[in-house]
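Taking it in order: structure first as structure tokens, then the write-up.
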Amino acid sequence: MKIATWNVNSLNVRLPHLLEWLRAATPDIVALQETKLEDARFPAAAISELGYHCVYSGQKTYNGVALLSREPARDVLTDIPGLDDPQRRILVATIGDLRIVNLYVVNGQDVGTEKYAYKLDWLKKVTAFLREELQRHPRLIVLGDFNIVPEDRDIYDPEAWRGKILCSEPERAALQGLFDLGLHDSFRLFQAEAGHYSWWDYRQAGYRRNLGLRIDLILASAALRERCRGASIDGVPRGWERPSDHTPALLELSDD
DNA sequence: ATGGTAGGCTTCCTA
């Protein structure tokens, strides 16, 4: 089965891209971020026509997460213990025999700002939740827009970004905290090369110049590691007209 | 140090 994550940067604008990509890529589970839609405006009908069930947690203008799946989602959570957050950034559900956690991690704006402190606090609380969730659900997938560059090989110019937002040591330490729970960056189970990216800034012709970052990740728990068959980034949608600034990341998992 | 582009219901905020 294929599991994917994609920050669509407005599902209202990107719905045609999403539908085209679903037809082409035929994923079984898709986590979306930055839908920027209130739940009443979620385009469930258009998506269900392609054979997907939808659950979503959205808000006007900002944030918003959704899960699309061939099988219906069960035991859905939009809020987690210890994190009282009006921002819609988390969606947890059981799909088949997998527990899925879709995250739109806080961007953090700039190191040292209020939003940066919120990012680190948010990550601390989500990590505590995931530690518990792994006890309840060993077959756990945590995926989404992490807004953290894991390593120097995941960014076009590591020296220019050293210590900056998305690359700072406290952010990388927070991501390492997730790895320490036994969650594996599935892309790196299959690909060691530098130069594979999932996001390019709209500004300064970032995509044309390939000034990319790999910040969209699919983490697989230790119990799922043996079922991982391949991981990839589908760069095609980033090249379409009026694209999201992110492109989808994928994980292929065997059925058992 | 700043600004560049994109999306939203906006005369700026977020990324």
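In the text below, chain A, chain B and the rest are named by the order of the sequence lines, each starting its count at 1.
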Spacing of [X] atom [atom1] relative to [N] atom [atom2], expressed in whole Å:
| X | N | atom1 | atom2 | result |
| --- | --- | --- | --- | --- |
| Asp145(A) | dA15(B) | CG | P | 10 Å |
| Trp199(A) | dA6(B) | CH2 | P | 13 Å |
| Tyr62(A) | dA6(B) | OH | C1' | 13 Å |
| Glu114(A) | dC13(B) | CD | P | 13 Å |
| Asn7(A) | dG7(B) | CG | P | 12 Å |
| Glu34(A) | dC13(B) | CD | P | 18 Å |
| Lys119(A) | dT14(B) | NZ | C1' | 13 Å |
| Leu11(A) | dG8(B) | CG | C1' | 14 Å |

Distance check: side-chain N/O of [X] vs OP1/OP2 of [N], anything under 4.0 Å?
| X | N | result |
| --- | --- | --- |
| Arg203(A) | dA15(B) | no |
| Lys115(A) | dT14(B) | yes |
| Arg242(A) | dG7(B) | yes |

Next on the checklist: On DNA chain B, does the nearest nucleotide to Asn147(A) precede the nearest nucleotide to Thr35(A) from the 5' side, or the other way round? Give the residue.
Outcome noted: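 Comparing both residues, the 5'-ward one is Thr35(A).
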Checklist entry - For DNA chain B, whose closest nucleotide is more 5', that of Arg89(A) or that of Asn12(A)? => result Asn12(A)
Distance between [atom1] atoms of [N] and [M] (Å, rounded):
| N | M | atom1 | answer |
| --- | --- | --- | --- |
| dA15(B) | dT10(B) | C1' | 16 Å |
| dG4(B) | dC9(B) | P | 24 Å |
| dG7(B) | dT11(B) | C1' | 15 Å |
| dG3(B) | dG8(B) | P | 24 Å |

Between [X] and [Y] (salt bridge meaning N to carboxylate O under 4.0 Å), is one present in this structure?
| X | Y | answer |
| --- | --- | --- |
| Arg136(A) | Asp75(A) | no |
| Asp152(A) | Arg172(A) | yes |
| Arg214(A) | Asp185(A) | yes |

Item to check | Contact check, side chains of Glu71(A) and Met1(A), non-hydrogen atoms, under 4.5 Å | outcome: no
Item to check | Among dA15(B), dG3(B), dG7(B), the one nearest Gln204(A) by side-chain distance | outcome: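 From the listed options, dG3(B) comes nearest.
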Checklist outcome for this item: Checking dG3(B), dA15(B), dG7(B) against the side chain of Asn107(A) (C-beta onward), the nearest is dA15(B)
Next on the checklist: Just to be sure I understand the rule, does Tyr104(A) reach a base, reach only the sugar-phosphate, or reach nothing, if contact means heavy atoms closer than 4.0 Å?
Outcome noted: sugar-phosphate
Item to check | Test of ring centre spacing under 6.0 Å for Trp21(A) and Trp6(A) | outcome: yes
